[in-house]
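Basis for what follows: all heavy atoms, side chains included, without hydrogens, waters or symmetry-related copies. Each chain gets a letter, A, B and so on, in the order its sequence line appears, and its residues count up from 1.
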Protein chains: 2
Amino acid sequence: MKKSAKRERFLNVALELIHKKGFKATTIRDIAQQLNFDVANVYNYIDSKQSLLETYLFSIQDEFHDSIDLVLGSTHTPKEKLRLVISSYIQITAKRPFEQALLANEWRNLKEPRLQVFLNRREDYENKVKTIIKEGITKDEFRKVDIEITTHTVMSSLRWVYLSYINPQSKINAEIIEQELTDFILAGIVKT
Amino acid sequence: MKKSAKRERFLNVALELIHKKGFKATTIRDIAQQLNFDVANVYNYIDSKQSLLETYLFSIQDEFHDSIDLVLGSTHTPKEKLRLVISSYIQITAKRPFEQALLANEWRNLKEPRLQVFLNRREDYENKVKTIIKEGITKDEFRKVDIEITTHTVMSSLRWVYLSYINPQSKINAEIIEQELTDFILAGIVKT
DNA sequence: TATTTACATCAACAATTGTTGATGTAAAAT
DNA sequence: ATTTTACATCAACAATTGTTGATGTAAATA
């Protein structure tokens with residue numbers, strides 16, 4: 001699949017539609033209509049409806065991995081590492097809120113064997129966060145929290161953020177999200 | 001619709017199936033097959049596929065509202081109120097993890113006008129949490145956090161908990177979830 | 001200039017979907 | 001004893017679905 005301006009537009013329109021209606025509820029005919037062209041023409045842009053979803057999900061998943069790998073490879077303290085992970089997570093979300101929404105809500109619609117690949121990769125990411133938290137506890141920077149629970153909680157705390165970037169009438173100032181969220185999460189973990 | 005033992009079983013089997021496959025992906029034929037009876041027989045238990053989803057969602061949504069109303073009507077301090085809300089939220093989740101999963105993932109499949117009712121009611125709940133946080137700030141028990149962001153974060157921190165009650169191979173001890181989560185959330189809010 | 005490429009339309013398919021009507025039967029209520 | 005109720009089966013519907021093959025055209029490439 002090439003990357004032309006037309007294809008770029010196609011992918012964006014389809015993405016917003018899938019976000020709005022949900023993947024299953026969005027038909028190829030819906031996408032075609034939204035773009036004002038024939039149903040069959042959709043297949044000049046994609047191989048299948050499934051592959052379309054895969055494109056979105058694996059692309060943004062890769063970006064998340066790249067960013068956390070950068071942090072993991074650094075020499076910062078655990079506290080600084082966690083702060084950086086939160087920061088980069090929010091930055092990616094700000095840049096690609098719709099794909100992040102799919103990541104949160106539509107991954108179930110993947111089919112095997114790609115679903116398994118996706119889930120393994122997601123677990124990888126969680127394990128990387130876990131590593132940071134473990135290191136923080138070992139180095140006595142973090143309280144002796146339950147690692148499983150804390151990892152889940154940290155991840156979940158971040159998962160709603162895309163909403164404030166998608167919804168234009170959101171009263172939430174996107175700029176202060178990072179500060180507030182970082183404060184909140186670190187307060188729950190860091191030793192005082 | 002009556003409440004017989006057979007209907008009870010039907011609702012439970014359908015619920016787990018819908019949770020596992022997703023609402024859209026679960027067909028009436030899937031449900032029938034899982035129960036080992038004919039497709040048409042399903043309609044002796046429900047009016048429509050839609051109404052089935054509504055049954056689950058509004059039922060557990062009501063329970064959440066009842067429990068937070070109890071807390072709001074009490075004379076506790078904001079900190080104690082928040083602790084009670086978290087506690088009752090987790091208890092409901094523990095009792096009805098599959099319905100909680102639908103609440104988190106499948107509400108989009110509701111159709112108008114019921115979708116609007118659901119969303120208004122969900123906003124109501126969030127506003128009730130907001131009220132507690134506001135009160136905590138006013139009474140100087142909580143830090144001067146951003147109310148919108150904090151409410152979202154608190155709610156999101158709780159939304160993953162059903163996983164540990166559904167997944168039997170979860171390494172997470174269900175008993176300590178409440179303690180850890182309460183600690184985490186309060187640490188992010190309470191003034192020290 | 002000749003040819004490949006990207007984008008577009010039309011018609012049609014096979015499969016899957018939620019739902020209904022007709023009909024039956026055993027148990028419960030009258 | 002009779003009638004209603006709860007639960008069950010069978011066959012069939014109309015609508016919607018993802019996808020394909022045949023065909024066209026304008027622009028980019030050779």
Can you check the [X] [atom1] to [N] [atom2] distance for me, whole Å?
X	N	atom1	atom2	result
Leu53(A)	dG18(D)	CG	C1'	15 Å
Asp47(A)	dG18(D)	CG	P	16 Å
Ile46(A)	dT19(D)	CD1	C1'	10 Å
Lys49(B)	dT16(D)	NZ	P	15 Å
Arg7(A)	dT5(C)	CZ	C1'	15 Å
Asn41(A)	dT19(D)	CG	P	15 Å
Asp38(A)	dA11(C)	CG	C1'	10 Å
Tyr43(B)	dC10(D)	OH	C1'	16 Å

Would you call the rings of [X] and [Y] parallel, tilted or perpendicular, taking 30° and 60° as the class edges?
X	Y	answer
Phe118(B)	Trp107(B)	parallel
Phe37(B)	Phe10(B)	parallel
His152(B)	Trp160(A)	parallel

Quick check for you: among [options], whose closest atom lies nearest to any side-chain atom of [X]?
X	options	answer
Tyr45(A)	dC10(C), dT19(C), dC7(C)	dC7(C)
Lys6(B)	dT19(D), dC7(D), dT19(C)	dC7(D)
Asn44(A)	dT19(D), dG21(D), dC7(C)	dC7(C)
Ser4(B)	dC7(D), dG18(C), dT19(D)	dC7(D)

Dot-bracket pairing map - DNA chain C, Watson-Crick plus G-U, both contacts under 3.5 Å, | cross-strand: |||||||||||||.||.|||||||||||.|
Is the terminal nitrogen or CZ of Arg114(B) (NZ for Lys, CZ for Arg) located under 6.0 angstrom from the six-membered ring centre of Phe58(B) and within 45° of that ring's axis? yes
I'd like to know if the side chain of Lys49(A) and the backbone of Thr26(A) have a donor-acceptor N/O pair within less than 3.5 Å. yes
Under-4.0 Å salt bridge between Glu106(A) and Lys24(A): no
Can we say Glu135(B) and Lys139(B) salt-bridge, meaning some charged N sits less than 4.0 Å from an Asp/Glu carboxylate O? yes
Flag yes if Ile68(B) and Leu70(B) sit in one hydrophobic cluster, no otherwise; membership is Ile, Leu, Val, Met, Phe, Trp, Tyr, and two members link when side-chain heavy atoms are under 4.5 Å apart. no
Does any donor atom in the side chain of Asn105(B) or Tyr162(B) lie under 3.5 Å from an acceptor atom in the other side chain? yes
Within residues 16-33 of chain A, those residues having any heavy atom closer than 4.0 Å to DNA chain D are Thr26(A), Thr27(A), Ile28(A), Arg29(A)
